[in-house]
Amino acid sequence: MAASVNLKHGLLSSKASLICGVYRKISPNSVCIQRAAEIQSVRASTDASVDSQHHEKYCLDLVRSRDYEGFLSSLLLPEEARRSSLALRAFNVELAQVKDSVSQKTIGLMRMQFWKTAIEDIYRDKPPNQPISAELWRAVRRHNLTKRWLLRIVTDREKDLDDRAYKNLQELEAYSENTQSSLIYLLLECLGVKNVHADHAASHIGKAHGIVTCLRATPYHSSRRKVYLPMDICMLHGASQEDFIRGSREQSVRDVVYDIASQAHVHLQHARSFSHNVPAAAAPAFLSTVVLEDYLQRVRKADFDVFQKSLLNRNPLLPIQLYLRSWKKTY
């Protein structure tokens, strides 16, 4: 009986000690500190989520306002690549508008240096606190994007700050390869496509895109007394820079436009020659062919008068055309 009482007393003492120990460990102060830490963690998580949404919206709005065709094309990409595509296109827009937005080349060079440094920081997981940089960092981490393509875009945009006409068509093609083709290589990586034939197609599509962009921008540049069309072709047909600045519709000017547009068409044909060997998964990265095709057809109908006002209007059927091409998984 005494042994039983002693055993019960020992168990009660042990339980009391355990309760006291637990009580000492979970003191009111500890509970408050833990609760404050949880609240702080939740707030930090919420702030990060809000920042992420803000960054995504910033890129989306920028692309929609400055690269509407690229915006439409991005919307037709698979969901896992859509946000990254918008980040890359926002990056491209940001660089493209430097040339027209700065009054001095030095300022433009400073902005390009910022992006070179930003890319290095992104690959060190220390992106600048800036919407496009943050979204690029997210895309790089998600798809393991190649740094070389990003740096190549910046480097050639930087060279383009010299603000002079291209010496020849080959120089324009090289610039287009380093900027537009590099962007398409990155889009292919977002889609998880690694295929040499897709890369060859991307190279030609990028060159065609750069050439067409140069043609489409001619009226705008001419209004600012600037001409960037290849000088060798202008000299071949006896068309001066002043002819373009005046918005001339003479045959010599049309002949220049014809030669340049024809070269863009040749690149599109070359790109399509690889189509049988290009995986269907790559097709969404090549949707820009719809836009290029549309402009080349319209400029041909305008008898290569690049200053015709109808060419400045947006094609209302373009969204449908892009959707159909996306649905067919062709380019």
Side-chain angles (χ1 to χ4, degrees), residues 67 69-70 96 99 156 160 163-181 184 200-275 286-318 321-322 325 331:
D67 180 15
E69 293 151 354
K99 186 174 181 177
D156 261 62
D160 196 46
D163 205 28
R164 60 173 179 79
Y166 298 101
K167 292 178 182 177
N168 48 51
L169 194 54
Q170 290 70 36
E171 191 174 74
L172 172 55
E173 288 175 328
Y175 173 73
S176 303
E177 162 70 26
N178 292 333
T179 53
Q180 299 295 343
S181 297
I184 302 176
H200 284 318
S203 176
H204 285 292
I205 292 170
K207 289 174 183 175
H209 197 156
I211 292 170
V212 167
T213 298
C214 188
L215 279 177
R216 291 178 70 179
T218 296
Y220 168 73
H221 291 144
S222 297
S223 69
R224 304 182 69 189
R225 300 192 63 79
K226 296 179 184 293
V227 180
Y228 298 111
L229 297 173
M231 290 188 289
D232 62 335
I233 297 180
C234 293
M235 292 172 64
L236 177 66
H237 295 289
S240 66
Q241 289 197 346
E242 190 61 34
D243 289 334
F244 285 96
I245 291 171
R246 289 189 293 103
S248 172
R249 288 177 160 85
E250 294 176 8
Q251 189 60 45
S252 58
V253 171
R254 293 171 187 258
D255 289 341
V256 169
V257 175
Y258 171 80
D259 280 3
I260 297 173
S262 296
Q263 188 63 16
H265 179 72
V266 167
H267 281 298
L268 280 182
Q269 294 301 103
H270 278 313
R272 285 173 175 148
S273 70
F274 300 103
S275 60
F286 299 157
L287 284 174
S288 59
T289 56
V290 176
V291 179
L292 306 180
E293 212 172 47
D294 173 67
Y295 179 79
L296 291 174
Q297 288 177 355
R298 288 196 292 149
V299 78
R300 180 176 56 80
K301 290 178 182 177
D303 195 22
F304 301 98
D305 176 11
V306 77
F307 295 102
Q308 191 170 115
K309 290 184 178 180
S310 63
L311 294 174
L312 303 177
N313 299 329
R314 185 179 290 169
N315 180 4
L317 297 178
L318 186 61
Q321 293 170 346
L322 283 167
R325 189 67 60 87
Y331 66 92

Between [atom1] on residue [X] and [atom2] on residue [Y], distance to nearest 0.5 Å:
X: Cys234; Y: Ile260; atom1: SG; atom2: CD1; value: 6.0 Å
X: Gln241; Y: Lys226; atom1: CD; atom2: NZ; value: 10.5 Å
X: Ser288; Y: Gln180; atom1: OG; atom2: CD; value: 8.0 Å
X: Ile205; Y: Ile184; atom1: CD1; atom2: CD1; value: 5.5 Å
X: Arg298; Y: Leu312; atom1: CZ; atom2: CG; value: 8.5 Å
X: Ile211; Y: Tyr166; atom1: CD1; atom2: OH; value: 10.5 Å

Do [X] and [Y] have side-chain heavy atoms sitting under 4.5 Å apart?
X: Asp160; Y: Thr179; value: no
X: Glu242; Y: Val227; value: no
X: His237; Y: Asp259; value: yes
X: His265; Y: Arg300; value: no
X: Cys214; Y: Tyr175; value: no
X: Arg254; Y: Asp305; value: yes
X: Leu236; Y: Asp255; value: no
X: Val266; Y: Ser262; value: no

Considering all heavy atoms, the nearest [X]-[Y] contact:
X: Gly210; Y: Ser176; answer: CA-OG, 3.1 Å
X: Ala174; Y: Asp156; answer: O-OD2, 4.3 Å
X: Arg249; Y: Phe307; answer: NH2-O, 3.2 Å
X: Ser275; Y: Arg272; answer: OG-O, 2.9 Å
X: Tyr331; Y: Ala201; answer: OH-CB, 3.7 Å
X: Ser181; Y: Ala202; answer: OG-O, 3.5 Å

Between [X] and [Y], a side-chain donor and acceptor under 3.5 Å:
X: Glu177; Y: Ser203; answer: yes
X: Asn168; Y: Asp232; answer: no
X: Ser240; Y: Asp243; answer: yes
X: Thr289; Y: Glu293; answer: no

Going through the checks in order, is the side chain to side chain contact (heavy atoms under 4.5 Å, CB included) test met by Leu292 and Leu268? CA-CA 9 Å; Leu292 306 180; Leu268 280 182; 4.0 Å; yes
Is a donor on one side and an acceptor on the other found under 3.5 Å between the side chain of Ser248 and the backbone of Phe244?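 Side chain of Ser248 to backbone of Phe244, a donor-acceptor pair under 3.5 Å: no, none is there.
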Expected output: side-chain Ser222 to main-chain Pro219 donor-acceptor under 3.5 Å: no
Might you work through the side chain to side chain contact (heavy atoms under 4.5 Å, CB included) test for Asn315 and Gln321, ending with a clear yes or no? CA-CA 10 Å; Asn315 180 4; Gln321 293 170 346; 3.3 Å; yes
Relative to Tyr228, does Lys99 satisfy both conditions: NZ or CZ under 6.0 angstrom from the six-membered ring centre, and within 45 degrees of the ring's axis?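 Here Lys99 passes the 6.0 Å and 45° test against Tyr228.
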Holding to side chain to side chain donor-acceptor pair (under 3.5 Å), I want the full list of residues that pass it with Glu173, two or more places apart in sequence or in another chain.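 Glu173 satisfies side chain to side chain donor-acceptor pair (under 3.5 Å) with Gln263, His267 once adjacent residues are dropped.
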Name the one of Val291, Val306, Leu311 that satisfies side-chain contact (heavy atoms from CB on, under 4.5 Å) with Arg216?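 Option passing the side-chain contact (heavy atoms from CB on, under 4.5 Å) with Arg216: Val291.
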Using 30° and 60° as the class limits, which term best fits the ring planes of Tyr258 and Phe304: parallel, tilted or perpendicular? perpendicular
